[in-house]
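Here the structure is laid out as structure tokens; the discussion comes afterwards.
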Amino acid sequence: MRRRTFLQSTTLLGLAATNQQKNFVPEPVIIATWKNEKGTKAGWDKIMQTGKALDGVEAGAWVPEADPNETTVGYGGYPDRDGHVTLDACIMDHLGNAGSVTFLEGIMHPISVARAVMEKTPHVMLSGAGALQFALEQGFKKENLLTEKSKKAWEEWKKVAKYEPKVNIERHDTIGLLALGKAGEIAGACSTSGMAFKMHGRVGDSPIIGGAVYCDDEVGGACATGLGEFVMKTLGSFLIVEFMRQGKSPQQACEDAIMRIVKRYKYQEFQVGYLAINKKGEYGAYAIQKGFNFTITKHGVTQVIESASYMS
Ligand code: SD4
């Protein structure tokens with residue numbers, strides 16, 4: 001082969017490889033913080049139906065939001081110290097659109113209100129009475145979300161009324177979700193009733209875009225759970241996506257974001273857990289404390305996986 005022909009054909013081969021990489025579409029996948037098999041399964045089914053990651057993460061959040069036995073999300077969530085169940089949620093799509101609600105009361109599915117904020121308003125975040133007003137205008141029903149069980153737990157708590165975040169106990173179970181849809185596009189969501197018995201008006205990381213959830217369709221996505229104050233102060237999910245943009249694997253990016261908290265804030269008795277996924281469908285998880293796990297559904301198969309952690 002003459003030199004010029006050889007050079008032309010290797011360049012063409014190179015171009016074909018780049019195009020192949022560009023055209024690579026990973027299998028759909030959905031992952032969620034903690035043990036959330038029903039949630040990821042519902043999200044998976046939705047992705048199979050509509051093809052869309054955004055529909056998947058919303059459907060996944062619906063499951064714990066409606067579950068009265070899930071005391072950290074939606075209906076049945078533990079109230080704040082004044083007895084109000086106040087909800088935070090956010091959602092983000094592959095185009096960089098985002099919506100969130102904070103300090104919302106009386107609506108079973110805050111994730112869908114967050115989606116409506118994203119799709120039907122020029123804003124990103126609505127809060128408190130304004131968020132409720134918007135939800136009602138959109139046709140959401142106002143309901144009492146405080147179950148007898150959660151009310152009893154709050155009454156017990158009031159006897160001592162000591163505010164102390166505990167690691168991995170039921171006060172931490174916020175659902176954060178990431179998914180790749182049929183076109184390989186990314187979406188993320190998060191929904192919570194926040195820290196149990198928090199101060200009235202307290203808002204955590206869960207409605208903060210870049211805190212509890214961040215997605216960038218060129219890179220991937222990340223989501224968070226745990227003591228939101230530390231996720232907010234380090235913008236954990238945004239940080240993880242930026243680490244992945246620099247070439248780190250999802251696992252390395254989660255570990256580095258946890259180390260950012262550990263190094264910057266000496267107190268380590270609290271929990272923060274991160275999940276990340278990149279555009280190839282590779283995922284990672286890391287937490288400060290032992291006991292963090294996550295759920296993944298891929299090829300219709302659901303698995304709960306224990307995360308590695310900084311503290312052993
Ligand atoms: C918050 N990040 O409100 C939430 C709590 C949480 O599992 O993740 N619980 O700070």
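Because the structure is predicted, anything quoted here is derived from the model rather than measured. Ligands are counted one by one from 1 in listed order, and the atoms in each one are counted from 1 as well.
One distance of note links NZ of Lys248 with CD of Glu242; it measures 11.5 Å at 0.5 Å rounding. For the atom pair Thr302 OG1 and Lys35 NZ, the distance stands at 11.0 Å (nearest 0.5 Å).
Close approach of ligand 1 to Gly194 (heavy-atom distance below 4.0 Å) involves ligand atoms 3 (O). For ligand 1 and Met195, the ligand atoms under 4.0 Å from any heavy atom of the residue are 3 (O). Close approach of ligand 1 to Asp205 is summarised as follows: ligand atoms under 4.0 Å from at least one heavy atom of the residue are 1 (C), 2 (N), 4 (C), 10 (O). Remark: ligand 1 atoms within the under-4.0 Å shell around heavy atoms of Thr225 are 6 (C), 7 (O), 8 (O), 9 (N). Near Ser206, with a cut-off below 4.0 Å to any heavy atom, the atoms of ligand 1 are 2 (N), 4 (C). Those atoms of ligand 1 that come under 4.0 Å of a heavy atom in Gly226, given as number and element, are 1 (C), 2 (N), 4 (C), 5 (C), 6 (C), 7 (O), 8 (O), 10 (O).
Of the listed options Leu87, Val203, Thr174, Thr174 places a heavy atom closest to atom 6 (C) of ligand 1.
For Gly228, a nitrogen or oxygen atom sits less than 3.5 Å from a nitrogen or oxygen atom of ligand 1, counting backbone and side chain alike.
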Given the rule in the ring pair (Phe, Tyr, Trp, His ring centres under 6.0 Å) test, do Phe230 and Phe270 qualify, once you have shown the distances and angles that lead to the verdict? CA-CA 9 Å; Phe230 291 89; Phe270 54 84; 3.9 Å; yes
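With sequence neighbours excluded, the residues that form a side chain to side chain contact (heavy atoms under 4.5 Å, CB included) with Ala135 are Ile107, Val113, Phe140.
At least one heavy atom of Asp173 sits closer than 4.0 Å to an atom of ligand 1. Assignment of Arg202 to the shell around ligand 1 is supported, since a heavy atom sits closer than 4.0 Å.
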Residues 180-192 side chain polar contacts: donor-acceptor under 3.5 Å, at least two apart:
residue	atom	partner	partner atom	Å
Lys182	NZ	Met48	O	2.8
Glu185	OE1	Ala183	N	3.4
Glu185	OE2	Ala53	N	2.8
Ser191	OG	Glu65	OE2	2.6
Thr192	OG1	Thr72	O	3.2
Thr192	OG1	Thr174	OG1	2.7
Thr192	OG1	Gly194	N	2.8

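Using modelled atom types and a 3.5 Å distance limit, the side chains of Ser249 and Glu282 yield no donor-acceptor pair.
A salt bridge does not link Lys152 to Glu155: none of the charged side-chain nitrogens sits closer than 4.0 Å to a carboxylate oxygen.
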